[in-house]
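Comments concern the structure below.
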Amino acid sequence: ISDYAPFFEIDKTWSEGNVHPNIEANFSKYGWRIFNTHLRWEGMPKCDDVCSKTDVGAKYIYVYRDGKDVCTSFFKHLSAQADAGHYQGDFLQFVKDWCRGEIVFGGWLPHLRSWFNAEVGTDSSSKSRIHFVRYEDLVTDLPGCIRRIARFLGYNLPDKVVDKVESQTTFEAMRNNIAKFQPVSVPWRHGFSFIRQGKPGAHDFGSTENALFETMLRSQFPTLFLPRGEVDVDRIYLHILKERAEKHEARKDVQLFYL
């Protein structure tokens, strides 16, 4: 997978200022240049200089998920790296660092805001530049997500193609073909499987971690909690989208990305 959708921000993707020839050769096979990234919107190339009247230029697919799942997954990721990026602390320390935005790529909430509030242009075509996907929807409605992503990229896929794509991209299918889907952008510690559970809510948070997470959210969203004090993450997503809608009043469709 790293040979066809490499990480944009790592050195081995590039060679003398250009995409590495081996990767570029794979791009040429399909006529697409596809990158994976953890960067915020501000760190992404916008490719506005190559846009034409009929081509909106680069397109972006932003996958977001529950914060506790994000934190747990990233801890497993960084703890398993066999390089200078290896995280050496325990999970509780990681949660503390993550809630303070001190882990690489910064805080979760600023990252969400960065993309949801992205400035992608002021004309009517700007809404086609970024497509938002909830990770949980990939788990519960993979065929629907495939169709929506395909339409975003300009394809109207027949059912048999959607079925084929689904059969090759379920979590079980990827786990059974780990050699194809395990990224090689960084070295891993022996025995680590990048594809672990894939189940929403399968995080490692206990009462202490939950308290840290809730404190982080309360500091930025003091009114968005259920009466009994439980974190209502869905309302947080909607609040960020509302901020974006208020910033771009002409774009009444933006709240539909979640609803």
Side-chain angles (χ1 to χ4, degrees), residues 1-16 19-24 26-27 33-45 60-112 114-115 133 135-136 138-139 169-206 208-209 212-213 216:
I1 192 69
S2 296
D3 293 332
Y4 291 86
F7 270 99
F8 183 83
E9 59 266 28
I10 66 171
D11 291 340
K12 65 170 60 177
T13 299
W14 306 93
S15 176
E16 298 181 355
V19 175
H20 192 282
N22 292 342
I23 297 174
E24 189 64 58
N26 290 329
F27 286 166
R33 303 180 77 193
I34 305 171
F35 296 98
N36 189 8
T37 185
H38 287 115
L39 295 177
R40 299 184 191 186
W41 171 253
E42 292 82 2
M44 296 301 299
Y60 311 83
I61 298 174
Y62 185 74
V63 181
Y64 63 103
R65 67 189 297 193
D66 180 84
K68 296 178 185 179
D69 290 342
V70 169
C71 183
T72 299
S73 178
F74 207 26
F75 171 73
K76 303 287 187 183
H77 179 130
L78 294 181
S79 297
Q81 285 188 204
D83 61 6
H86 170 68
Y87 186 81
Q88 299 183 14
D90 61 17
F91 182 61
L92 178 57
Q93 185 59 51
F94 185 89
V95 174
K96 292 178 180 178
D97 295 340
W98 183 81
C99 286
R100 291 193 294 259
E102 296 176 358
I103 299 297
V104 63
F105 302 114
W108 173 61
L109 291 175
H111 206 289
L112 287 174
S114 171
W115 281 89
V133 179
Y135 180 88
E136 293 82 357
L138 290 169
V139 176
T169 56
T170 64
F171 204 85
E172 293 74 17
M174 291 190 291
R175 180 184 289 158
N176 292 334
N177 197 1
I178 190 68
K180 181 177 181 179
F181 290 101
Q182 177 107 339
V184 295
S185 50
V186 297
W188 303 108
R189 299 174 68 179
H190 179 71
F192 174 72
S193 177
F194 185 82
I195 301 177
R196 300 184 306 105
Q197 297 186 57
K199 296 178 180 179
H203 53 74
D204 294 340
F205 275 55
T208 302
E209 292 83 7
L212 290 167
F213 184 72
M216 174 191 70

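Below, all heavy atoms of this structure are taken into account, side chains as well, without hydrogens, waters or symmetry copies. Residue numbers start at 1 and run along the sequence shown.
In this structure, the side chain to side chain contact (heavy atoms under 4.5 Å, CB included) partners of Val184, at least two apart in sequence or on a different chain, are Ser2. Take Ser15 and apply the side chain to side chain contact (heavy atoms under 4.5 Å, CB included) test, not counting sequence neighbours, and it matches His20, Pro21. Listed by chain and number, the residues in a side chain to side chain contact (heavy atoms under 4.5 Å, CB included) with Ala173 are Thr170 (sequence neighbours excluded). Applying the side chain to side chain donor-acceptor pair (under 3.5 Å) rule to His203 yields no partners; only residues at least two apart in sequence or on another chain are considered. Residues forming a ring-ring contact (aromatic ring centres under 6.0 Å, His included) with Phe8 (at least two apart in sequence, or on another chain): Trp14, Phe35. Under the rule for a ring-ring contact (aromatic ring centres under 6.0 Å, His included), the partners of Phe105 that lie at least two apart in sequence or sit in another chain are His38. Every residue two or more places apart in sequence or in another chain that forms a side chain to side chain contact (heavy atoms under 4.5 Å, CB included) with Glu42 is listed here: Arg40, Ser114.
Thr72 is listed as a side-chain neighbour of Phe205, based on a closest heavy-atom distance under 4.5 Å. Looking at heavy atoms from C-beta onward, Phe181 lies out of side-chain contact with Phe194 at the 4.5 angstrom threshold.
Taking CH2 of Trp98 as the start and CG of Leu78 as the end, the distance is 12.5 Å to the nearest 0.5 Å. Phe74 CZ to Tyr87 OH: the interatomic distance, rounded to the nearest 0.5 Å, is 11.5 Å. For the atom pair CH2 of Trp108 and NZ of Lys68, the computed distance is 10.0 Å after rounding to the nearest 0.5 Å. Taking CG from Leu138 and OG1 from Thr169, the interatomic distance works out to 8.5 Å, rounded to the nearest 0.5 Å. Note that the CD atom of Glu209 and the CZ atom of Phe94 stand 12.0 Å from one another [nearest 0.5 Å].
Residues in residues 3-15 take part in no salt bridge (charged side-chain N to carboxylate O under 4.0 Å, His left out) pair, two or more places apart or across chains. Applying the salt bridge (charged side-chain N to carboxylate O under 4.0 Å, His left out) test to residues at least two apart or on different chains, none of the pairs has a partner in residues 170-190. Residue pairs meeting the salt bridge (charged side-chain N to carboxylate O under 4.0 Å, His left out) criterion with at least one member in residues 76-86, sequence neighbours excluded: Lys76-Asp204. A salt bridge (charged side-chain N to carboxylate O under 4.0 Å, His left out) check over residues 86-108, counting only residues at least two apart or in different chains, returns the pairs Asp97-Arg100, Arg100-Glu102.
Taking both residues in full, the closest heavy atoms of Glu136 and Asp66 are given as OE2-N, 3.0 Å, listed atom of the first, atom of the second, then distance. Residues Val95 and Cys71 share a closest heavy-atom pair of CG2-SG, 3.9 Å. In this structure, Asp69 and Ala202 approach most closely via the heavy-atom pair OD1-N, 3.6 Å. Nearest heavy-atom pair, Leu39 versus Thr37, reported as atom, atom and distance to 0.1 Å: N-OG1, 2.9 Å. Nearest heavy-atom pair, Gly198 versus Val139, reported as atom, atom and distance to 0.1 Å: O-CG2, 3.6 Å.
Checking each of Tyr64, Trp41, Tyr62 against His111 for a side chain to side chain donor-acceptor pair (under 3.5 Å) leaves exactly one that passes, namely Tyr62.
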